[in-house]
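Chain A is the first sequence line, chain B the second, and so forth, proteins listed ahead of strands; every chain is numbered from 1. Computed over heavy atoms, backbone and side chain alike; hydrogens, waters and symmetry mates excluded.
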Amino acid sequence: MTPAKLASTVLSAARAVFETRGLDVSALPEATTVERPRSPEHGDYASTLALQLGKKAGVAPRELAAALAEELGARPGIKSVEIAGPGFLNIRLDAAAAGVLARDIVLAGPDYGHTDTLAGERINLEFVSANPTGPVHIGGVRWAAVGDALSRLLRASGATVGTEYYFNDAGSQIDRFARSLYASAKGEPAPEDGYGGAYIAEIATAVVAEAPDVLKIGEPAALETFRRVGVELMFAEIKQSLTEFGVEFDTYFNEKDLHDRGELQEALDRLREQGHIFEADGATWLRTTEFGDDKDRVLRKSDGDWTYFAADCAYYLDKRKRGFDRVVIMLGADHHGYIGRMKAMAACFGDDPARNLEILIGQLVNLVRDKQPVRMSKRAGTVITLEDFVDAIGVDATRYALARYSSDSTIDIDIEEWTRATKENKVYYVQYVAARTASVARNAAEVGLTRGEPDAFHPELLSHEKENDLLKALGEFPAVVTRSAELREPHHVARYLEDLASAYHKFYDNCRVLPQGDEPITDLQRARLWLNDATRTVIANGLGLLGVSAPERM
RNA sequence: GCGCUCGUAGCUCAGCGGAUAGAGCAACGGACUUCUAAUCCGUCGGUCGCAGGUUCGAAUCCUGCCGGGCGCGCCA
């Protein structure tokens, strides 16, 4: 029995109680949940339904709990129901009802944890979005890990997801990039406002290799060549490092396309139709203060140029026109000032800013060695890059380390901690379970122990305390996935995997799976092998959601 | 000044309005002829920044204050 099934059993029992007592059935919620209590004295699962409904139904919570306990206790699979405190229901399951979960999980395989809770939602997820003037830097790395994990979570919950990387290959940043390349190719120092770092010299050399005459064609043409070829090379490198990091985007969106297709003008027209545009000081403004922004925003400057914000408006509209009803943008903490104007902009389009636009802000990350932030990058000067992270601790540890904390917290990623091969290094701790379960399965096969046919599985034999704990942990996985997806917080998955890993290690220490010596193979060992393999399934599925490998050997 | 965010054990952090607030590290003490000890078990450690409010019930929600981080351009 899964927690979800138990919860619906609780609800149906409540319905039966309400009907026999002539209570108002409309007080019942659509759905309810059961919790896994911290203390084993409080049963396998607990429901607070009686506490919640007592007042609504006009019955003392304890009295309602008593009636509910009696009704629920008679349902199949439920061993006992106790009332505690003000009206908690503490529920214990039959060992068999709890144990069948092991088989259900193995048979579901990669699908275990997938739900349809977000079915029908079309979500656009934009993250990283670094301009091609240098390698992906530290802020982008956090979003590469978290954003990619979130896209996997949303898909696992049934949403239709488009991941997107927005970039701009024109404008002053790119001009500085081109001038830096040009200077480097000529053997001159980088311009005052230019980009430093060894990568500039590498790209400059590569541009010269591709266009050998570039230094002889005059400055304007040379800068244009360095811009065009340099951006191409830089972007190829960014994509390459993201691919090696396990991150691919469905769409790479160039801001230039918005201009070329006249979408900024279209956005302006739309906003004007909605009545939120005004002219002042020769510029064209959007009255974002109408929707809570602290000042109005210029869309078109007095010199006729569009602002960056105008492109933001056009880009938002473009996503909405492509059918996405939720536009999610992941930004660094230094961009949190955008939230007000972006939300107001969505409202100006006539959208619901609370539903159609979500802006997720991630706090800063430091890569730390010996308690000191690493400030120097081999290739990028003072900017720490994705490849610095991967060089320091590897892809799996980088992805896991960045995904296991709430994005609301600033974090230090300690190189020593994340390269250690002990329990303190959480990615090893969790991956070790993947390796251990695989090892047990291999050894079982060698001695002729197999799970056997699903029908021959004896779930009631999984009655040891540690088996019970492990089953409860396994049962939580789908709810954890759903909650993480809805809250846009992948770190819950990582924390859950650590709990699950702990439960498995304890099971492993207390409950031997393989026969010893010449012992005959028993049904208990077969049942435990189902449990072992179910754990391997959930660990693999969970690590997969974070983009981390589940090794067979370590 | 305004806005966002954080404040939980010595340290790093979990904690959907529920029960006696948890985990790892650190400190101390145990378990290896191993189904992989990359593990497990135990001890020690807390006025959940402070003060009010809402609630049957608050670390969690609301308000104010204190402290840290970040941001407030007709820049991109």
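Residues meeting the side chain to side chain donor-acceptor pair (under 3.5 Å) test with A/Y315, sequence neighbours left out: A/E164. Residues meeting the side chain to side chain donor-acceptor pair (under 3.5 Å) test with A/H505, sequence neighbours left out: A/R436. A/R341 is linked by a side chain to side chain donor-acceptor pair (under 3.5 Å) to nothing, counting only residues two or more places apart in sequence or in another chain. A/T33 meets the side chain to side chain donor-acceptor pair (under 3.5 Å) test with no other residue; sequence neighbours excluded.
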5' to 3', nucleotides 6-11 of chain B under a 4.0 Å protein heavy-atom cut-off (B base, S sugar-phosphate only, - none) gives S-----
Footprint string (nucleotides 66-74 of chain B, 5' to 3'): B base within contact, S backbone only, - free, heavy atoms under 4.0 Å | ----BSSSB
Listing time: all N or O pairs from protein to nucleotides 30-33 of chain B that are below 3.5 Å?
none

Under 3.5 Å, which N/O atoms of the protein pair with N/O atoms of nucleotides 21-29 of chain B?
from	atom 1	to	atom 2	distance (Å)
B/G24	O4'	A/K426	NZ	3.4

Please table the atom pairs, donor to acceptor, closer than 3.5 Å between any side-chain atom in residues 402-411 of chain A and protein atoms at least two apart or in another chain.
from	atom 1	to	atom 2	distance (Å)
A/R404	NE	A/E498	OE2	2.8
A/R404	NH2	A/E498	OE1	2.9
A/S406	OG	A/D408	N	3.1

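Listed by first and then second residue, the salt bridge (charged side-chain N to carboxylate O under 4.0 Å, His left out) pairs involving residues 502-525 of chain A are A/D523-A/R526 (not counting sequence neighbours). A salt bridge (charged side-chain N to carboxylate O under 4.0 Å, His left out) check over residues 474-497 of chain A, counting only residues at least two apart or in different chains, returns the pairs A/R36-A/E476, A/E358-A/R488.
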Go ahead and write out RNA chain B as dot-bracket, 5' to 3': ( ) for pairs within the strand, [ ] for ones crossing earlier pairs, | when the partner sits on another strand, dots for unpaired; Watson-Crick or G-U wobble, both distances under 3.5 Å.
-> (((((((..((((....[...)))).(((((.......))))).....(((((..]....))))))))))))....
